[in-house]
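Single-structure report; data block below.
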Amino acid sequence: MASTACFIIVSRNDIPIYEAEVGSAVKKEDAAQQHQFILHAALDVVQDLAWTTSAMFLKAIDRFNDLVVSVYVTAGHTRLMLLHDSRNEDGIKSFFQEVHELYIKVLLNPLYLPGSRITSSHFDTKVRALARKYL
Amino acid sequence: MAPAAPRSGDAIFANVERVNAELFTLTYGAIVRQLLTDLEEVEEVNKQLDQMGYNIGIRLIDEFLAKSNVSRCVDFKETAEAIAKVGFKMFLGVTASVTNWDADGTSCSLVLEDNPLVDFVELPDTCQGLYYCNILSGVVRGALEMVSMKTEVTWIRDMLRGDDAYELQVKLLKQVPEEYPYKDDE
């Protein structure tokens, strides 16, 4: 498993709807803020890249020191963004695909309002399990 | 001798028109969602779902009797079996099991292991009091009322609240004698 990884889902309206620090490194408060900052900065790159390809998985699109940002854009333009320091691209791709499936399930829940925060603890547990498995 | 009442709804289920399960689930979900938005109070939504179910039930019973060929039930036990095995199968595609009879046979539980209404659904914190499938209890109540049985139907277990199955308690309050619709002097 990667020592550092931060995963967020950004809705089509640029609102973060899910965040998780999934790395095995010791949690540091300022690091978490830095991660958010890097991911936020990468959103512009995503916007430019998303329309140049038909693939959902955009691979590594941005880097900051030794941290890399990988992004997966769903058909509804929800962005799954992962900040990581591992180089395992296949694992990341599988991770994104499975989280995408989970996200669709959340979206199909009639009591979930699209674009609102994902509060489901079930979703959270599953995402963390996937992170342990693939990253 | 009259043909034996069907013990399962499989044959009828195979012949009725069906809709895509996801379309059905999402349509029901949209109704509940809209009710939550309109009525705001979870309690009100429960009531409204029950009322809607009742309105469905009082119509559905005719369809049920017309298509299922069940013969007249001699007692409440048989009625419960018919609902669980034939009724649920016919309209919902699943069968329920009947358990937890009380001593005098007026109250029982219909247990659903599988419920197509709740695929994808997860109750958020804001809707904890919601009986998502309350429409079902209304349907059963309405249908039984049309065949002269006053019942009270309540949810005992609900998977959305962390239980292991759906359990619907059906309690027979009284059997209304069939009334001749005209008065003598009319």
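Labels below follow one simple rule: chain letters A, B, ... track the order of the sequence lines, proteins then strands, and each chain is numbered from 1.
Few gaps surround NE2 on A:H77; more than 12 heavy atoms of other groups in view lie less than 6.0 Å from it. The 12-atom threshold is exceeded at CZ of B:R18, counting heavy atoms of other residues, nucleotides or ligands nearer than 6.0 Å. Enclosure of atom CZ in B:R161 by more than 12 non-hydrogen atoms of other residues, nucleotides or ligands within 6.0 angstrom is indicated. Within 6.0 Å of CG on A:D90 lie no more than 12 heavy atoms contributed by other residues, nucleotides or ligands.
The residue from B:L36, B:V32, B:I31, B:V121 that alone fulfils the side-chain contact (heavy atoms from CB on, under 4.5 Å) condition with A:P110 is B:V121.
If you chain together hydrophobic residues whose side chains sit under 4.5 Å apart, A:L83 and A:F95 never meet in one group. The cluster map of Ile, Leu, Val, Met, Phe, Trp and Tyr, joined by side-chain heavy atoms under 4.5 Å apart, puts B:V94 and B:V19 in the same cluster.
Counting only heavy atoms from C-beta outward, the side chains of B:E122 and A:V106 never approach each other to under 4.5 Å.
With a 4.5 Å cut-off on non-hydrogen atoms, B:Y132 touches chain A through its side chain but not through its backbone. Of the two parts of A:I104, neither the backbone nor the side chain holds a non-hydrogen atom closer than 4.5 Å to a non-hydrogen atom of chain B.
Atoms CG and CG, from A:N109 and B:L123 in turn, are 8.0 Å apart once rounded to the nearest 0.5 Å. Remark: B:L130 CG to A:L111 CG distance equals 6.5 Å, nearest 0.5 Å.
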Evaluate B:F120 against A:L107 for side-chain contact (heavy atoms from CB on, under 4.5 Å), listing each step before the verdict. CA-CA 9 Å; B:F120 321 120; A:L107 212 55; over 6 Å; no
